[in-house]
Amino acid sequence: MSEMKQVRLTEVFVELADTLVDDFDLLDFLHGLTEKCVEVLGVAAAGLLLTDERDRLQLVAASTERTRLLELFQLQTEQGPCVDCFRTGEPVSVADLSATDRWPHFTEAAAEVGFASVHALPMRLRAEVIGALNLFHVEPHVLDEETRRVGQALADVATVGLLQQRAIRHRDSLTEQLQTALNSRILIEQAKGVLAERLGLDVDVAFMRIRTEARTRNLRLADLARDIVEGGGQAALAVSGDASP
């Protein structure tokens with residue numbers, strides 16, 4: 001690993017740790033985790049699945065729209081590397097999806113959106129598994145040991161932070177926070193659609209606009225998303241910067 005990459009990796013871990021404060025934006029933190037995985041691990045995309053209050057996996061973050069759709073398909077069919085990783089608590093790595101018949105429906109769906117390789121890492125602390133982190137490549141790719149260890153370290157830091165929230169906020173359990181995030185995600189998906197339609201944007205670009213505006217205005221993603229959905233066109237224009245004063 002180059003010295004520059006080591007420095008950036010250290011910065012990423014510091015950024016993740018600094019985010020884990022008492023009143024952090026859970027959704028923004030999780031989306032940031034997927035983006036950092038893409039940046040420092042050299043993967044094409046990343047997705048994150050966590051358990052809800054019924055201990056069922058739910059999609060909470062993805063670095064791209066096509067990743068989000070693939071992760072949702074994986075949950076709907078209950079078949080795929082992230083599902084297996086969560087159930088076993090162990091990493092799942094497939095360097096070439098076309099060479100395996102382990103998850104035929106998932107493999108077909110992955111090929112349709114351009115992914116040829118997948119690696120899933122458990123979100124686990126000791127015996128408690130709360131989800132899984134998926135890493136995707138567009139070409140067959142063997143995950144080397146160093147990258148796997150760094151990826152698992154990122155997942156571990158996030159897991160510790162999420163579980164720590166349960167201890168910090170005694171009145172709220174982790175599952176309640178995650179359920180709130182899942183409910184908010186629906187609102188955010190609606191806002192992405194409104195913004196994309198009103199401004200003629202790609203869905204990924206629309207979400208980037210929403211995140212940037214939320215940070216600029218010091219708002220939670222869900223609050224801004226609600227404004228966009230309820231405010232319709234005028235709120236969408238405000239996010240674009242084209243609204244009248």
Check your understanding: Do R217 and L224 have side chains that get closer than 4.5 Å, going by heavy atoms?
Key -> yes
Study note, to complete from the structure: side-chain contact (heavy atoms from CB on, under 4.5 Å) with F73: of T77, L69, L75, only one passes, and it is T77
Exercise for review: Find the distance between CG (L143) and CD (Q152) and round it off to the nearest 0.5 Å.
Suggested key: 10.5 Å
Point to revise | SB check E112 R66 (cutoff 4.0 Å) | key: no
Check your understanding: Thinking salt bridges, do K192 and E189 make one under a 4.0 Å N-O criterion?
Key -> yes
Point to revise | Within-4.5 Å side-chain heavy-atom neighbours: Q74 and Q79 | key: no
Review point. Do D84 and R102 come within less than 4.5 Å of each other through their side chains, counting heavy atoms only?
Key: yes
Exercise for review: Find out if a path of hydrophobic residues (ILVMFWY) with successive side-chain heavy-atom gaps under 4.5 Å connects V94 to V142.
Suggested key: no
Practice item. Describe, in one word, how the ring planes of W103 and F106 are oriented to each other, choosing from parallel (under 30°), tilted (30 to 60°) and perpendicular (over 60°). Key: perpendicular
Atom pairs and distances, side-chain donor-acceptor, residues 38-50, under 3.5 Å, sequence neighbours left out:
residue: E39; atom: OE1; partner: R8; partner atom: NH2; Å: 3.2
residue: E39; atom: OE2; partner: R8; partner atom: NE; Å: 2.5
residue: E39; atom: OE2; partner: R8; partner atom: NH2; Å: 3.3

Study note, to complete from the structure: Taken to the nearest 0.5 Å, the spacing of S93 OG from H141 NE2 works out to 8.5 Å
Practice item. Could you walk me through whether T51 and R56 pass side-chain contact (heavy atoms from CB on, under 4.5 Å), step by step? Key: CA-CA 5 Å; T51 51; R56 297 180 305 185; over 6 Å; no
Check your understanding: Same hydrophobic cluster for L125 and M123, using side-chain heavy-atom links shorter than 4.5 Å among ILVMFWY?
Key -> yes
Revision key, fill the gap. Between the CG atom in L195 and the CD atom in Q190, the distance rounded to the nearest 0.5 Å is 13.5 Å
Exercise for review: Nearest 0.5 Å please: distance from the CG atom of L187 over to the CG atom of N183.
Suggested key: 10.0 Å
Review point. Salt bridge between R148 and E145, side-chain N to carboxylate O under 4.0 Å?
Key: yes
Check your understanding: When you check the gap from the basic side-chain N to the acidic O, do D28 and R215 get nearer than 4.0 Å?
Key -> yes
Check your understanding: Taking side chain as C-beta onward, heavy atoms only, is P91 less than 4.5 Å from P122?
Key -> yes
Exercise for review: Test side-chain contact (heavy atoms from CB on, under 4.5 Å) on V129 and R87 and set out the steps.
Suggested key: CA-CA 8 Å; V129 183; R87 287 172 176 167; over 6 Å; no
Review point. Taking all non-hydrogen atoms of both residues, which atom of C37 and which atom of L135 are closest, and how far apart?
Key: CB-CD2, 4.1 Å
Point to revise | pair D223-D227: side-chain heavy atoms closer than 4.5 Å | key: no
Review point. Closest approach of L121 and G151, non-hydrogen atoms and distance?
Key: CD1-C, 3.4 Å
Practice item. Please examine the side chains of E71 and N134, heavy atoms only from C-beta on, and report whether any two atoms are closer than 4.5 Å. Key: yes
Practice item. Start with the C-alpha distance between E146 and R149, add both sets of side-chain angles, then the distance that settles salt bridge (Lys or Arg N to Asp or Glu O under 4.0 Å), and finish with yes or no. Key: CA-CA 5 Å; E146 179 179 295; R149 290 177 63 183; over 6 Å; no
Exercise for review: Determine, stepwise, if the pair T147 / D144 fulfils side-chain hydrogen bond (donor to acceptor under 3.5 Å, both in side chains).
Suggested key: CA-CA 6 Å; T147 302; D144 62 83; 2.9 Å; yes
Review point. A214 and L221: which non-hydrogen atoms are nearest, and at how many Å?
Key: CB-CD2, 4.0 Å
Review point. Do the non-hydrogen side-chain atoms of H119 and S117 ever get within less than 4.5 Å of each other?
Key: yes
Review point. Can you name the nearest heavy-atom pair linking T34 to A61, along with the distance?
Key: CG2-CB, 3.9 Å
Practice item. Check the hydrophobic clustering (I, L, V, M, F, W, Y; side-chain heavy atoms under 4.5 Å; chains of links allowed) and say if I188 and L219 are grouped together. Key: yes
Exercise for review: Flag the pair I130 / R124 as yes when at least one side-chain heavy-atom distance between them is below 4.5 Å, and no otherwise.
Suggested key: no
Point to revise | Exercise: identify the closest heavy-atom pair between A206 and A196 | key: CB-N, 4.0 Å
Review point. Should the ring pair H31 and F207 be called parallel, tilted or perpendicular, given that the plane angle runs from 0 to 90° and is split at 30 and 60?
Key: tilted
Check your understanding: What is the minimum heavy-atom distance between V60 and R185, and which atoms define it?
Key -> CA-CD, 4.2 Å
Practice item. Find the distance between CD (E213) and CD1 (I228) and round it off to the nearest 0.5 Å. Key: 8.0 Å
Check your understanding: Linking I/L/V/M/F/W/Y whenever any side-chain heavy atoms sit under 4.5 Å apart, do F29 and L133 land together?
Key -> yes
Revision key, fill the gap. Separation between NE2 (H105) and CD (Q76), nearest 0.5 Å, reads 12.5 Å
Check your understanding: Are L72 and L97 in one and the same hydrophobic cluster, where Ile, Leu, Val, Met, Phe, Trp and Tyr link if side-chain heavy atoms are under 4.5 Å apart?
Key -> no
